[in-house]
Amino acid sequence: MNIPKKWVGRGVALVTGGSAIATVVLVLVVIGIIVHGGAGHLSKEFILGSPEQGMTEGGIFPAIMGTFFLVMLMSLAGVPIGTITAIFLNEYVGQQSKIGRAIRFAVNTLAGIPAIVFGLFGLGFFINFVGGGADRVLYGGALHWAQPNILWASLTMALLTLPVVIVSVEEAIKTVPRDLREGSLALGATRLETIWKVVLPQSMTGILTGAILAISRGAGEVAPILFTGAAYFLPNLPDGLTDQFMELGYHIYIMSTQSVDVEATKPIQFATTLVLLILTFTLNFAAIFLRWHLRRRALR
Amino acid sequence: MNESTKILTRDLNLHYGEKHALRHIDLEIQRNHVTALIGPSGCGKSTFLRCLNRMNDLIESAKVTGTVEVDGTNIYAKDIDPVLLRRKVGMIFQKSNPFPKSIFENVAYGPRVHGIKDKKRLEEIVEKSLRGAALWEEVKDDLAKSGLALSGGQQQRLCIARAIAVDPEVLLMDEPASALDPIATAKIEELIWQLKESFTIVIVTHSMHQASRVSDTTAFFYMGEMVEVGPTQKIFTSPAQKRTEDYITGRFG
């Protein structure tokens, strides 16, 4: 066979270009369908109302607030731990040291664990082991902590999003010039003072980026909270760490699998999905913007 | 060792992993003198400078043997805290590295780290240090401005002010003017002359003219060894070693 090189080149361009276009079209179609199906149902009442009539009517306010509480608690737990880990990796252990490589390997592995495994781990570890233990010691075995609640769900989610935080903060810490650290150390500052007064203030954008990316990831995951705290339907918002909560992603899952009237829930499903998409897109764009800002500073 | 000796190194060696970067350096640095370290790139002069405030501790692969005495105390002894040492032996870097903070905060950084909280005291120190670095008149009206907004030469003088704010006894300067234009360089050199009244200065420089202008003593480094040391004038007019002569006359380097 002897195909002219010109034709091979054109063929490759066609296939690669076609694939690229297909990807873009796919995204547009998905978004288009969701917007088409859900935009009409978006309203103030939908955002601020509670589900009614077995979720065939009403709004999604409890799910929005539940998601909000979930990601806030998750950030409170995950961002400090992730930041401290990133600092340790960058400032205290060498790039090539055994400990550093072991931790990095653990972080990468953590990032590759399927979300549902985190959910099962949360059930086994937080609810049965930690919660059960706490109940035996504090409440004589009465059920208090050993059941799904927003705390365990948030902690499970924090574990899932930890690698995102670690990677973002590390990236930011790396952009803090060595000169600045040496400048601080040469003035007789300790390593901790240097981290606290020079490295961390310079890494704030990165920490914020990490938090936002984690939140955006966390807001979109359902599997980790399936067994650890999400509820099918609650008349009230959670008002304590031992309460369960509703959540946007879980709400979509429930509506699409457990609905009493599939046709009636459809617009609500679309609109809920649209809200979730808007939320995660906004967060992702915020993170991209912050990162761009950070890179620009690094280049200066 | 006599009264006028500030720093004394004995058989100082430094290895970066397999590489023997400093070989058996014996050097005496005089109090309130400017000592210039010259030599081609990679000769070990900056590495040597960074031994004097134990900045090489930060490099994992660097191993130091021998002794460095500051005021008769071996700074590589086990009970020496490098953090305290660096208060006494300050450093100015090749590339000016002000913190991304205000001019005031840059100078106040060291004193704050060392526990001075009183606002009035800090203001005094900042003014005194900026005057000491010949920068006060140019910045006194906008101390709140970012240190990064200053020109290159001003930034380097800010770094000098920052270094002298912690009241050190020795100032190590690692090619402090290499990134500056001739006018800014002249200002720094003039400043070095003034600073030696209060400090012992060790300066690494690429420029032999600079060494001859600012220093009292010059040491010539070549491939990790100190080839020759002596009064600057003698080194530049009648060096004892052939390699020194070849370098200062520009035959290599």
Side-chain angles (χ1 to χ4, degrees), chain A residues 87-104 169-209 290-300, chain B residues 17 46 49-50 52-61 81-101 105-115 129 146-148 155-156 158-174 179:
Chain A
I87 288 172
F88 181 76
L89 275 174
N90 264 281
E91 308 288 319
Y92 285 93
V93 298
Q95 292 290 323
Q96 293 308 317
S97 73
K98 279 200 179 122
I99 303 175
R101 275 190 294 187
I103 296 173
R104 258 173 245 278
V169 178
E170 249 203 293
E171 215 173 89
I173 290 180
K174 278 194 186 127
T175 69
V176 179
R178 194 190 160 84
D179 297 0
L180 288 185
R181 288 167 225 253
E182 291 196 337
S184 170
L185 293 167
L187 291 166
T190 61
R191 198 137 61 149
L192 191 62
E193 284 161 345
T194 302
I195 291 169
W196 190 247
K197 300 182 99 174
V198 175
V199 177
L200 271 186
Q202 286 282 291
S203 312
M204 265 345 263
T205 337
I207 296 170
L208 211 59
T209 312
L290 280 173
R291 205 173 255 192
W292 168 78
H293 189 74
L294 189 78
R295 292 245 166 85
R296 211 178 46 157
R297 195 195 67 193
L299 290 175
R300 208 169 51 196
Chain B
S46 286
L49 192 76
R50 295 166 72 94
L52 304 181
N53 65 345
R54 289 187 55 176
M55 218 55 182
N56 287 327
D57 287 17
L58 306 176
I59 299 165
E60 265 176 87
S61 62
D81 181 356
V83 170
L84 294 177
L85 168 74
R86 293 183 195 128
R87 290 177 66 167
K88 193 168 165 179
V89 183
M91 190 167 213
I92 319 294
F93 296 83
Q94 179 172 4
K95 201 169 143 254
S96 61
N97 55 352
F99 300 128
K101 301 171 188 276
E105 285 304 324
N106 261 283
V107 184
Y109 183 89
R112 273 193 209 279
V113 161
H114 301 138
S129 307
S146 167
L148 294 170
Q155 284 192 18
Q156 196 57 297
L158 178 63
C159 291
I160 293 174
R162 188 175 71 180
I164 62 184
V166 298
D167 208 14
E169 294 166 21
V170 180
L171 285 180
L172 308 175
M173 300 186 173
D174 191 358

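Since this is a predicted model, take the numbers as computed values, not measurements. Order of the sequence lines fixes the chain letters, A, B, ..., with proteins taken first and strands second; residue numbering starts at 1 for each chain.
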[X] portion near chain A, given a 4.5 angstrom heavy-atom threshold:
X: B/P98; value: backbone
X: B/K101; value: side chain
X: B/F99; value: both

Quiz item: Counting only N and O atoms by type, is there a donor-acceptor contact under 3.5 Å from the side chain of B/N97 to the main-chain atoms of A/D179?
Solution: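 Indeed, once roles are kept as given, a pair shorter than 3.5 Å links the two residues.
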Quiz item: Which heavy atom of A/G188 sits nearest a heavy atom of B/H114, and at what distance?
Solution: O-NE2, 3.3 Å
Exercise. Heavy atoms only: give me the nearest B/Y109-A/V198 pair and the separation to one decimal.
Key: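 Minimum heavy-atom separation between B/Y109 and A/V198: OH-CG2, 3.4 Å.
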Quiz item: If you round to the nearest 0.5 Å, how far is CE of B/M91 from CG of A/L187?
Solution: 11.5 Å
Quiz item: So which residues of residues 162-173 of chain B are in contact with chain A at a heavy-atom cut-off of under 4.5 Å?
Solution: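 The stretch touches chain A at B/R162, B/A163, B/V166.
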Quiz item: Out of B/R112, B/Q94, B/R86, which one racks up the most heavy-atom pairs below 4.5 Å with chain A?
Solution: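 Looking at each of B/R112, B/Q94, B/R86 in turn, B/R86 comes out on top.
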Quiz prompt | Option that, when pairs with chain A are counted at under 4.5 Å, heavy atom only, ranks first among B/C159, B/G110, B/P100, B/S96 | solution = B/P100
Quiz item: Which residue, B/N53, B/L58, B/D57, forms the side-chain contact (heavy atoms from CB on, under 4.5 Å) with A/L185?
Solution: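 Result: among B/N53, B/L58, B/D57, B/L58 is the only option passing the side-chain contact (heavy atoms from CB on, under 4.5 Å) with A/L185.
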Practice problem: Among the options A/R181, A/E193, A/E182, A/K197, pick out the one with the most heavy-atom pairs lying under 4.5 Å from chain B. | Solution: A/E182
Quiz item: Got a sec: does the CD1 of A/I99 have more than 12 other heavy atoms crowding it under 6.0 Å?
Solution: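 Counting other residues, nucleotides and ligands, CD1 of A/I99 stays at 12 neighbours or fewer.
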